[in-house]
Asks: 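Below you will find the structure I want to go over with you.
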Amino acid sequence: MTLRTPNDDHEPTTSEDNDFVNWVRRAYEPGPRTQMKRVTFNERLEARLQRRLFPWRPLGVATVAATLILGLVLADSFRAPAPPLELARRADGELLLALAIEQSTDGTENEMLPDGYATLASLLADEGR
Amino acid sequence: MGTRPDRFRSAAAAPAATAEPELDRQEQFIVFVNAQQDRAVRVAWRLSGGDSAAAEDIAQEAFIKAWRGLHGFRSDAKLSTWFYRILVNEARRYRRWRAVRDRWNRMWASDVSEAHTPTLPDPSLQRRIAQALDCLPQGQREVFVLVHLEGFTVEQTARQLGKADGTVKSHLHRALRGLRAQLGDLHTASDREQER
């Protein structure tokens, strides 16, 4: 291979320069690249390009994770007042049950009814007489 | 994006980077990667001082940066000119990093092994040439590698490096003188051996 002097207006090289450059070129050359190296290079490039082409992927995963965590936290915070509510519901149910049982078992229903109702009931009873 | 490896493989079979004008830029780039990969690694190897692993990394990084900047690439410029400019910049970056690393190693280690070990054909000769190239100023080294060793024209090299043609020629002349002064004895000795 001869020394390239593409633009002839630059300083012409002597044959000694030519020899020297050719000698450097031959000596200072990497070993041949194997097909395996090319494949590895392409695979690595491919993997890196994928990461570059979808830079929002890690961001998306982080957002989803943050949303899930926030959702769980919020769910917990909503679940916190739930026990008193459940107790109140359970208390209402138990009261109704107690009323039903008491009505059927003994005659103390007037004690369980509101005061107004008892007054009204006694008035109606008086009129009936 | 699972199709990209297939695109790389099919692109490898394409005859030349500029042969099919209907290919979009990305397709062209993939063809370009396959066509230029070996040369890019070789240029990186020569600019990095004969470090094979570094050469692969430099070429890899240059292709990544080129891909990333593909949308900003002006089609009036030649893709290879643009790419090799990126590659040269990556090689410079690597050399700066290596200089810092070597300095650090010298500070903390008394026995510093060679940071990079040139490979075949003659490791000791390659090391001498790499050292001689290291002694040249950056501009001269790059111009010598690109024009004399890689066969780029003065005009191409000037565009790749963003320099005037005259500057490139001047660097070439000085680089040649400098290297002959440093390696002339080796060259003469090898000539004598060949004559025998």
Side-chain angles (χ1 to χ4, degrees), chain A residues 1-69 71, chain B residues 1-2 4-5 7-9 12 33-34 37-38 41-42 44-46 50 52 55-56 59-61 63-64 67-68 118-122 125-126 128-130 132-133 144-145 147-157 165-166 168-170 172-173 176-177 179-180 183-184 186-187 190-191:
Chain A
M1 186 172 174
T2 56
L3 176 63
R4 288 184 68 146
T5 54
N7 291 347
D8 288 337
D9 56 342
H10 90 272
E11 185 182 342
T13 50
T14 63
S15 63
E16 284 180 355
D17 285 340
N18 262 325
D19 288 346
F20 176 77
V21 168
N22 286 333
W23 170 74
V24 172
R25 190 188 302 115
R26 279 195 305 272
Y28 194 55
E29 190 168 41
R33 254 177 125 233
T34 60
Q35 188 59 29
M36 181 60 79
K37 275 203 165 182
R38 290 191 192 99
V39 170
T40 309
F41 187 93
N42 273 346
E43 283 175 356
R44 196 173 149 215
L45 186 63
E46 157 67 14
R48 294 185 68 191
L49 285 176
Q50 272 193 25
R51 283 204 296 273
R52 300 267 184 181
L53 281 169
F54 299 99
W56 59 86
R57 263 189 188 163
L59 189 68
V61 170
T63 307
V64 168
T67 309
L68 279 174
I69 290 167
Chain B
M1 194 51 208
R4 189 159 299 285
R7 290 173 73 190
F8 263 103
R9 274 192 287 275
V33 169
N34 284 295
Q37 191 188 122
D38 284 357
V41 172
R42 194 178 60 234
W45 186 89
R46 283 174 162 155
S52 296
E56 297 276 336
Q60 184 90 199
E61 200 58 38
F63 280 123
I64 291 284
W67 176 274
R68 201 167 50 175
T119 48
L120 296 169
D122 181 352
L125 178 58
Q126 288 193 334
R128 274 290 308 273
I129 295 171
L133 280 167
F144 184 85
V145 167
V147 175
H148 283 331
L149 303 189
E150 285 300 327
F152 288 108
T153 65
V154 169
E155 199 181 16
Q156 285 170 337
T157 304
D165 288 8
V168 171
K169 289 171 196 168
S170 167
L172 268 182
H173 173 71
L176 193 55
R177 296 281 84 80
L179 286 176
R180 285 201 69 175
L183 301 170
L186 280 175
H187 176 222
S190 75
D191 271 358

Asks: Counting only heavy atoms closer than 4.5 Å, note whether B:L133 contacts chain A via side chain, backbone, both or neither.
Replies: side chain

Asks: So do the side chains of B:Q37 and A:R33 get within less than 4.5 Å of each other, counting heavy atoms only?
Replies: yes

Asks: Less than 4.5 Å apart, any side-chain heavy atom of A:K37 and any of B:V41?
Replies: no

Asks: If you measure from CZ on A:R48 to CD on B:E61, what distance do you get to the nearest 0.5 Å?
Replies: 4.5 Å

Asks: Side chains of A:L45 and B:V33: does their closest heavy-atom pair fall under 4.5 Å?
Replies: yes

Asks: Any carboxylate oxygen within less than 4.0 angstrom of a Lys/Arg side-chain nitrogen, looking at A:R38 and B:E56?
Replies: no

Asks: For B:R180, what residues pass the salt bridge (Lys or Arg N to Asp or Glu O under 4.0 Å) criterion, not counting sequence neighbours?
Replies: A:E16, A:D17

Asks: Look up atom OG1 in A:T14 and atom CG in B:L176, then write down how far apart they are to the nearest 0.5 Å.
Replies: 7.5 Å

Asks: If we ignore hydrogens and angles and just use 3.5 Å, is the side chain of B:R46 paired with the main-chain N or O of A:R25 as donor and acceptor?
Replies: yes

Asks: Side chains of A:V21 and B:L179: does their closest heavy-atom pair fall under 4.5 Å?
Replies: no

Asks: Check whether B:V168 gets within reach of chain A through its side chain, its backbone, both or neither, counting any heavy atom under 4.5 Å.
Replies: neither

Asks: Less than 4.5 Å to any heavy atom of chain A: does that hold for the side chain of B:A59, its backbone, both, or neither?
Replies: both

Asks: Keeping the roles fixed (side chain from A:Y28, backbone from B:G50), state whether a donor-acceptor pair exists under 3.5 Å.
Replies: yes

Asks: For A:F41, give me all partners under ring-ring contact (aromatic ring centres under 6.0 Å, His included), at least two apart in sequence or on another chain.
Replies: B:F63

Asks: Once you round to the nearest 0.5 Å, how far does CD of A:E29 lie from CH2 of B:W45?
Replies: 8.0 Å

